[in-house]
2 protein chains.
Amino acid sequence: MTLGDVARAAGVSLATASRALNGATQVRADLRQRVRAAAERLAYSPNAHARALAKSSNAGVGVICHDIGDPYFAGIARGVMRAASRHDLQVILGSTFRDPLREISYASMMRGQRVRAMLLVGSGFENREWQESLRRELDLYRATGGRVAVISRHRGVRADAVLPENRGGAAELARSLLALGHRSFAVLSGPLSLTTVVDRLAGFRSALASWGIHLLSTQIVEGAFTRDGGYEATQELLRRGLRATCVFASTDVMAIGALAAFREAGLRVPDDVSLAGFDDIPMIRDLTPPLTTVALPLEDLGERAMEMALLPERPARVRVERVQGQVVLRASTGPPP
Amino acid sequence: MTLGDVARAAGVSLATASRALNGATQVRADLRQRVRAAAERLAYSPNAHARALAKSSNAGVGVICHDIGDPYFAGIARGVMRAASRHDLQVILGSTFRDPLREISYASMMRGQRVRAMLLVGSGFENREWQESLRRELDLYRATGGRVAVISRHRGVRADAVLPENRGGAAELARSLLALGHRSFAVLSGPLSLTTVVDRLAGFRSALASWGIHLLSTQIVEGAFTRDGGYEATQELLRRGLRATCVFASTDVMAIGALAAFREAGLRVPDDVSLAGFDDIPMIRDLTPPLTTVALPLEDLGERAMEMALLPERPARVRVERVQGQVVLRASTGPPP
DNA sequence: CTGAAAGCGCTTACAG
DNA sequence: CTGAAAGCGCTTACAG
């Protein structure tokens, strides 16, 4: 079942069949009809590879995230899918499971696929070697006209970016918590090798500093970027001795684990300790207590990055869209005991 | 940057360059080295479309789900990604936003893409016309060697399938709730046009029936398959007058909304009313109270369907893997007040 | 083992 | 408007 078969069935040339189906050039109405009918009758399905090869252009975009099962990435992916659907683009998905090597091999695969644009979603790794390889891969990709946009990473990769204001958001959150009366804080941080974590911690810290408050190093616990990571980090924090009235988890997902750990330890939130997260993934408003957080418009992030990557712009000029986070005070934070 | 360039740089023929890079046939070691080196130096990236065209085989699989932002699908997608990664397959993702037409256009697009296998994830629609179109699309796809597997749909589509035991799971859940002492029930159902909903409702109902208990029609409320759908359905149920000691929401996502609605209405769960869901999406164990549910191994579902689609089997023989749901009693259910 | 050549299924100048 | 032909970048019998 090829275009050739359709052309033969319609009694026209290959070229005419192609034109009739794609409607680029004018084709006599009756011929177009015949071709269309033949294609329909034969259930013709154009070979996307042949077409991509002949046009040397592609209707695909690539999206690489760390874990499509995580509500943060799932929310962003939802926005990406919406934008892609609007532009009739197919989406090739990569989920790295937080393995830097896998990220690079996805990028390379997508380059081979000649996707029109590539989206990297999520924090990068603070890893010199990885940064080198990725940059090289992306440069090669762009050298042949590929477009790259990133969400939430800036180190190491020079590309169009949608950047949540991690620093600013965390600082704003800190100020809100200070306003509630808190003066001693602890932080459940994700892996410090992730730029997002570093930024959020820095923002939080600097806002405290301007009030003359410093984070004790024992009150910063590093954990995996998962619910269980938050749970375990909290247990470790309690083991070290909690010396804070308020705990900031660098993502909501971790905060969920923290909430469980506090509950198990018999600590009430917010009566005994206040708890805040970051991202505003959908479910946290249904927790008990609902979680204070810095809200990021996840779907928007995805849509905007996709649109940005698709919008041709004079190259060598990197565009950056900064996205403000919105502090949302919910019942998980209150005045210090 | 094509294979031709690499061949020239290495001083060999196109054919030899191809063989050296793909390692299918034997190539003299020194030639292979030269080709590899040249490819490396030139940062050669094989054109996936050209390759797919020449081999008329493809390293891609397609996955179509209803909403990648929903934790149920995100969980399954996670499993799919794991399996795909194991087989070095790229994944093309479709998210229908619950639009039947979009599902068909995705299927058609993936057929054009000549993907090796196609996964349809999630309940089908009870819609004659849609079923016709989809079946036609899939038949055409399979006629050319395409493989199809579905998760959780059986009506209308004849294909390899991983089927959660929706009926059995719901029935088992009902029996557990009966054992707790409940004798009056209400159901928050998703759209009755979804086979999953119909099956879960039927299973629940039949288990009750064998105890001589019948669901009042006023106590079955249909809502969207979302958190807000569950919230609104619950409000409607309360408006009609709750005449049950236990409420079954046909998915966890809906149950989350129900929990919020009950809380707002001043009803305590489970003291005033028990609540149970279905699926066991990750977050529900962290709700207050944690949600009773029928646990489905979401990631497994995805992995198994992918493996099944990849495993060539004598065609015309449809394979079905049934996956038992596990009733997990948590604190959202208790004895009737 | 190696190379020249045909072929995969389309698109698109180039003539007419 | 229509068609013959070249070309997109690979793979793979077929000879040597």
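Note that the structure is predicted; figures quoted are calculated from it, not measured. So you know, we letter chains A, B, ... as the sequences are listed, proteins then strands, and number each from 1.
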Set of residues satisfying side-chain hydrogen bond (donor to acceptor under 3.5 Å, both in side chains) with respect to [X], sequence neighbours excluded:
| X | answer |
| --- | --- |
| B:R114 | A:S45 |
| A:S123 | A:T195, A:T196 |
| B:E307 | B:R86, B:H87 |

Would you kindly give the [atom1]-to-[atom2] distance between [X] and [N], to the nearest whole Å?
| X | N | atom1 | atom2 | result |
| --- | --- | --- | --- | --- |
| A:N58 | D:dG9 | CG | P | 14 Å |
| A:K55 | C:dG9 | NZ | C1' | 14 Å |
| A:Q113 | D:dC8 | CD | P | 20 Å |
| B:L3 | C:dC8 | CG | P | 19 Å |
| A:L53 | D:dG7 | CG | P | 14 Å |
| B:R34 | C:dT2 | CZ | C1' | 12 Å |
| A:L14 | C:dA13 | CG | P | 16 Å |
| A:L21 | C:dG9 | CG | C1' | 13 Å |

Please state whether the phosphate of D:dT11, meaning OP1 or OP2, lies under 4.0 angstrom from any side-chain nitrogen or oxygen of B:S18.
->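 For D:dT11, OP1/OP2 do have a side-chain N/O of B:S18 under 4.0 Å.
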Would you tell me if any nitrogen or oxygen in the side chain of B:T16 comes within less than 4.0 Å of OP1 or OP2 on C:dG3?
->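 It does, given that an N or O in the side chain of B:T16 lies less than 4.0 Å from OP1 or OP2 of C:dG3.
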Salt bridge (charged side-chain N to carboxylate O under 4.0 Å, His left out) contacts in which one or both residues fall within [range], not counting sequence neighbours:
| range | result |
| --- | --- |
| residues 44-60 of chain B | none |
| residues 32-47 of chain B | none |
| residues 130-142 of chain A | A:R111-A:E137, A:E132-A:R135, A:D139-A:R142 |

Which nucleotide in C:dG3, D:dT11, C:dT11 has an atom nearest any side-chain atom of A:N22 =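 For A:N22, the side-chain atoms sit closest to C:dT11.
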Contacts under 3.5 Å, N or O only, protein and nucleotides 14-16 of chain D:
none

Looking only at atom C1', what distance separates C:dT12 and C:dG16, rounded to whole Å?
->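 Straight-line distance between the two C1' atoms is 16 Å.
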P atom, D:dC14 versus D:dC10: distance in rounded Å?
->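 That atom pair is separated by 24 Å.
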Starting from Watson-Crick (N1-N3 plus N6-O4 or O6-N4) and G-U wobble pairs under 3.5 Å, report the runs of at least three that DNA chain C belongs to.
->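 The stems are C:1-3 with D:14-16, C:5-12 with D:5-12, C:14-16 with D:1-3.
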Heavy atoms, side chains only, cut-off 4.5 Å: are A:T2 and A:N47 in contact?
->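 Side-chain contact under 4.5 Å: no.
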Non-neighbouring partners of B:D99 that pass salt bridge (charged side-chain N to carboxylate O under 4.0 Å, His left out), sequence neighbours left out |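 B:D99: no salt bridge (charged side-chain N to carboxylate O under 4.0 Å, His left out) contacts found.
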Enumerate, atom names and distances included, each donor-acceptor pair closer than 3.5 Å involving a side-chain atom of residues 70-81 of chain B, sequence neighbours excluded.
| from | atom 1 | to | atom 2 | distance (Å) |
| --- | --- | --- | --- | --- |
| B:D70 | OD1 | B:Y72 | N | 2.7 |
| B:R78 | NE | A:D67 | OD1 | 2.8 |
| B:R78 | NE | A:D67 | OD2 | 3.1 |
| B:R78 | NH1 | B:E299 | OE1 | 3.4 |
| B:R78 | NH1 | B:E299 | OE2 | 2.9 |
| B:R78 | NH2 | A:D67 | OD2 | 3.1 |

DNA chain C: A:A15 or B:V12, which has the more 5' nearest nucleotide?
->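 Its nearest nucleotide being more 5', the pick is B:V12.
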Touch class at under 4.0 angstrom, heavy-atom based, for A:T2 against every strand present |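 If one applies the 4.0 Å heavy-atom cut-off, A:T2 turns out to touch the sugar-phosphate alone, with no base involved.
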Could you note down all residue pairs passing ring pair (Phe, Tyr, Trp, His ring centres under 6.0 Å) where residues 94-121 of chain B supplies at least one of them, sequence neighbours left out?
->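 Checked against ring pair (Phe, Tyr, Trp, His ring centres under 6.0 Å) - neighbours excluded - no pair reaches residues 94-121 of chain B.
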Spell out, as yes or no, whether a donor-acceptor pair under 3.5 Å connects the side chain of A:S56 to the backbone of A:L53.
->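 No.
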DNA chain D contacts among residues 42-52 of chain B, heavy-atom distance under 4.0 Å |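 Hits under 4.0 Å, by residue number: B:Y44, B:P46, B:N47, B:A50, B:R51.
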For residues B:L138 and B:M118, report the shortest heavy-atom separation together with the two atoms involved.
->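 Between these two residues, the closest heavy atoms are CD2-CE, 3.3 Å.
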